[in-house]
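One-based numbering, in listed order, for ligands and for the atoms of each. For this chain, numbers begin at 1 and follow the sequence in order.
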Amino acid sequence: MASASHASTPLLKDELDIVIPTIRNLDFLEMWRPFFQPYHLIIVQDGDPNKTIRVPEGFDYDLYNRNDITRMLGPNSTCISSKDSACRCFGYMVSKKKYIYTIDDDCFVAKDPSGKDINALEQHIKNLLSPSTPFFFNTLYDPYRDGADFVRGYPFSLREGVPTAISHGLWLNIPDYDAPTQLVKPLERNTRYVDAILTIPKGTLFPMCGMNLAFDRELIGPAMYFGLMGDGQPIGRYDDMWAGWCTKVITDHLGLGVKTGLPYIWHSKASNPFVNLKKEYNGIFWQEELIPFFQSVSLPKEATTAQKCYLELAKQVRTKLGKVDGYFNKLADAMVTWIDAWDELNPPKGGVSTANGPPKK
Ligand SMILES: O=c1ccn([C@@H]2O[C@H](COP(=O)(O)OP(=O)(O)O[C@H]3O[C@@H](CO)[C@H](O)[C@H]3O)[C@@H](O)[C@H]2O)c(=O)[nH]1
Ligand SMILES: [Mn+2]
C-alpha cells in the first residue's frame with residue numbers, strides 16, 4: 001500500500017492529453033483539479049480569438065485559437081470547424097501523446113451511489129488499458145473488471161480479447177438528447193447510475209458523444225475527425241456522431257474494441273433546444289441514409305492502418321453519399337485534408353514536422 005507521502009503516480013501521467021473545446025471560461029477545472037492537474041491540457045478556443053480565456057492557476061496547458069490553427073495548418077486549416085465543438089479535433093492532431101481524453105467545459109465531477117467523487121479520467125484509462133470483447137457478447141458485462149469474469153459458454157479462444165481503441169463515458173443530470181427529444185422532455189434528468197461497462201459488438205454502430213470520451217490516439221486518432229460542422233455548414237452537433245460512425249467501422253475492420261458505460265460525469269448545462277434544432281435538422285434527416293451507408297461499408301484488407309481506412313472511407317463517402325447532398329463531397333474532401341494535416345503534424349517516427357510550434361502562452 002503506497003504511504004500518503006508516496007502517493008502513486010497518476011496512470012499514464014505523461015502519455016495522455018486532456019482536450020477541451022471552449023467558448024467559455026474554464027472555472028469548471030477547479031472541480032477536476034485533483035484528477036486533472038497532473039496531466040497536460042490542450043485547450044481549443046472556438047469563436048473570437050481575441051477573447052481571453054482564463055485558465056485557473058496551476059494547470060499545465062497549451063491553448064490554441066483560430067489564429068494558431070491557421071498559422072499551424074495553413075490552407076489545411078479549412079478542415080477544422082468553427083462555431084461548433086467539432087473544433088476539438090484540432091487538439092487530437094497537435095497532441096504528441098498516445099492517449100486522449102476529451103471533456104466539455106460544462107461537465108463536472110459526478111458522485112457514485114456511495115457518494116464518492118468519480119475520477120472519470122482514471123476509469124477511462126482502465127477501460128483503455130483492458131481488452132474489449134467485440135466478437136462474442138459477455139452477459140456479465142466487462143469480464144476484466146474485479147468481481148466479474150467470462151460466463152459459462154464463452155469461448156476460451158476469444159477470452160484474450162482485443163485492444164481497446166475507444167472508451168465512451170456517460171452523463172448524469174442533463175442527458176445528451178437531440179433537440180426534438182429535449183423539446184418534448186425539457187425537465188428530464190438522468191438519475192440512473194448503471195454500474196456497467198460494455199463492449200459494443202462488432203457490426204453495431206452507436207451514437208458517440210464527445211462530451212466524456214477517451215481514445216487511443218495511436219490506434220484510431222487519424223479517424224477521429226469531427227467533420228465540417230457549424231459556421232458555414234448546413235449541419236451542426238453531428239461532429240461526434242460522424243466521428244463515431246467512421247471510427248466504429250474502422251475499429252471493426254482493424255479488430256479493435258469500443259467500450260461504453262462507466263465513467264459518468266455530471267453534465268450541467270442544457271443548450272438551447274431551438275438553436276440545437278436548427279443545427280441538427282439536416283443531421284436528423286440525413287442520418288436515415290447515413291446509417292445504412294455505414295452499415296454497408298466494407299474496407300479492403302490492404303487498409304491496415306487508421307489513415308488507410310479513413311482515406312478509403314472518404315472515397316466511399318464521395319461516391320455513395322455525394323448524391324444525398326453536395327455537402328458530403330465537401331466533407332469527403334475535408335476528410336482527405338484532415339489526413340494530410342494529421343500526417344504533416346505527425347510525421348512517421350524520425351520524420352520532421354513542418355508545422356510551426358505551440359502557441360505563445
Ligand atoms: O460553438 C461552439 C459551441 C460549444 N463549444 C464547446 O463545445 C462543448 C459542448 O458545448 P455545449 O455544452 O454548449 O453543448 P451540448 O449541447 O451540451 O454538447 C453536446 O452536443 C455536442 C455538440 O457537438 C457535444 O459534444 C455534446 O456534449 C463545450 O465545451 C463548449 O464550450 C464550442 O467549442 N463551440
Ligand atoms: Mn453541454
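Under the 4.0 Å criterion applied to side-chain N and carboxylate O atoms, Asp195 and Arg145 are assigned as salt-bridge partners. Salt bridge present: Asp216 and Lys98 bring a charged side-chain N and a carboxylate O closer than 4.0 Å. Salt-bridge formation is not detected for the pair Asp84/Lys279: no Lys NZ or Arg NE/NH1/NH2 atom is positioned less than 4.0 Å from an Asp or Glu carboxylate oxygen. Ion pairing between Lys97 and Asp17 holds under the 4.0 Å rule for side-chain N and carboxylate O. Using a cut-off of 4.0 Å between Lys/Arg side-chain N and Asp/Glu carboxylate O, Lys111 and Asp117 are scored as salt-bridged. Using a cutoff of 4.0 Å between basic side-chain nitrogens and carboxylate oxygens, Asp68 and Arg71 are scored as salt-bridged. Looking at Arg237 and Asp178, no side-chain N of the basic residue comes within less than 4.0 Å of a carboxylate O on the acidic one, giving no salt bridge. Taking the charged nitrogens against the carboxylate oxygens, Asp104 and Arg88 do have a contact shorter than 4.0 Å, which makes a salt bridge.
Scanning Asp231, Ile43, Asp46, Asn272 for the heavy atom closest to atom 34 (N) of ligand 1 points to Asp46. The closest heavy-atom contact to atom 10 (O) of ligand 1, among the options Lys269, Arg24, Lys279, comes from Arg24.
A donor and an acceptor atom, one from each side chain of Gln45 and Lys51, are nowhere located under 3.5 Å apart.
Atoms of ligand 1 found under 4.0 Å from any heavy atom of Lys83 (numbered from 1 in listed order, with element): 1 (O), 2 (C). Numbered from 1 in the order shown, with element, the atoms of ligand 1 that lie under 4.0 Å from a heavy atom of Cys87 read 33 (O). Numbered from 1 in the order shown, with element, the atoms of ligand 1 that lie under 4.0 Å from a heavy atom of Asp240 read 21 (C), 24 (C), 25 (O). Taking every heavy atom of Asp106 and a limit of under 4.0 angstrom, the matching atoms of ligand 1 come to 12 (O), 17 (O). Every atom of ligand 1 is numbered from 1 in the order shown, and the set under 4.0 Å from a heavy atom of His267 is 17 (O). Heavy-atom contacts of Asp239 reach the following atoms of ligand 1: 22 (C), 23 (O) (cutoff under 4.0 Å).
The nearest protein atom to atom 31 (O) of ligand 1, hydrogens excluded, is given as Asp105 OD2, 2.7 Å; this is a heavy-atom distance. The single protein non-hydrogen atom nearest to atom 7 (O) of ligand 1 is Ser85 CB, 3.0 Å, given as residue, atom name and distance. Ranking the protein heavy atoms by distance from atom 27 (O) of ligand 1 puts Asp104 OD2, 2.4 Å first. Distance from atom 29 (O) of ligand 1 to its nearest protein heavy atom, with residue and atom name: Pro21 O, 2.8 Å.
Not a single N or O atom of Ile103, backbone or side chain, sits closer than 3.5 Å to an N or O atom of ligand 1. Backbone and side-chain nitrogen or oxygen atoms of Arg237 are examined, and one is located within less than 3.5 angstrom of a nitrogen or oxygen of ligand 1. The distance criterion of under 3.5 Å between nitrogen or oxygen atoms is met by Ile23 with respect to ligand 1. The distance criterion of under 3.5 Å between nitrogen or oxygen atoms is not met by Asn276 with respect to ligand 1.
Taking a 4.0 Å cut-off on heavy atoms, Arg88 registers as neighbouring ligand 1. Note on ligand 1: Met229 sits outside its first shell, no heavy atom being nearer than 4.0 Å.
For CZ of Phe137, the number of neighbouring non-hydrogen atoms (other residues, nucleotides, ligands) closer than 6.0 Å is greater than 12.
Formation of a donor-acceptor pair under 3.5 Å by the Trp32 side chain with backbone atoms of Cys107 is found in this model. For the pair His168 (side chain) and Lys259 (backbone), a donor-acceptor distance under 3.5 Å is absent.
For Asp106, the N, O or S atom closest to the Mn ion (ligand 2) goes by the atom name OD2.
At least one N/O/S atom of His267, from backbone or side chain, sits under 2.8 Å from the Mn ion (ligand 2).
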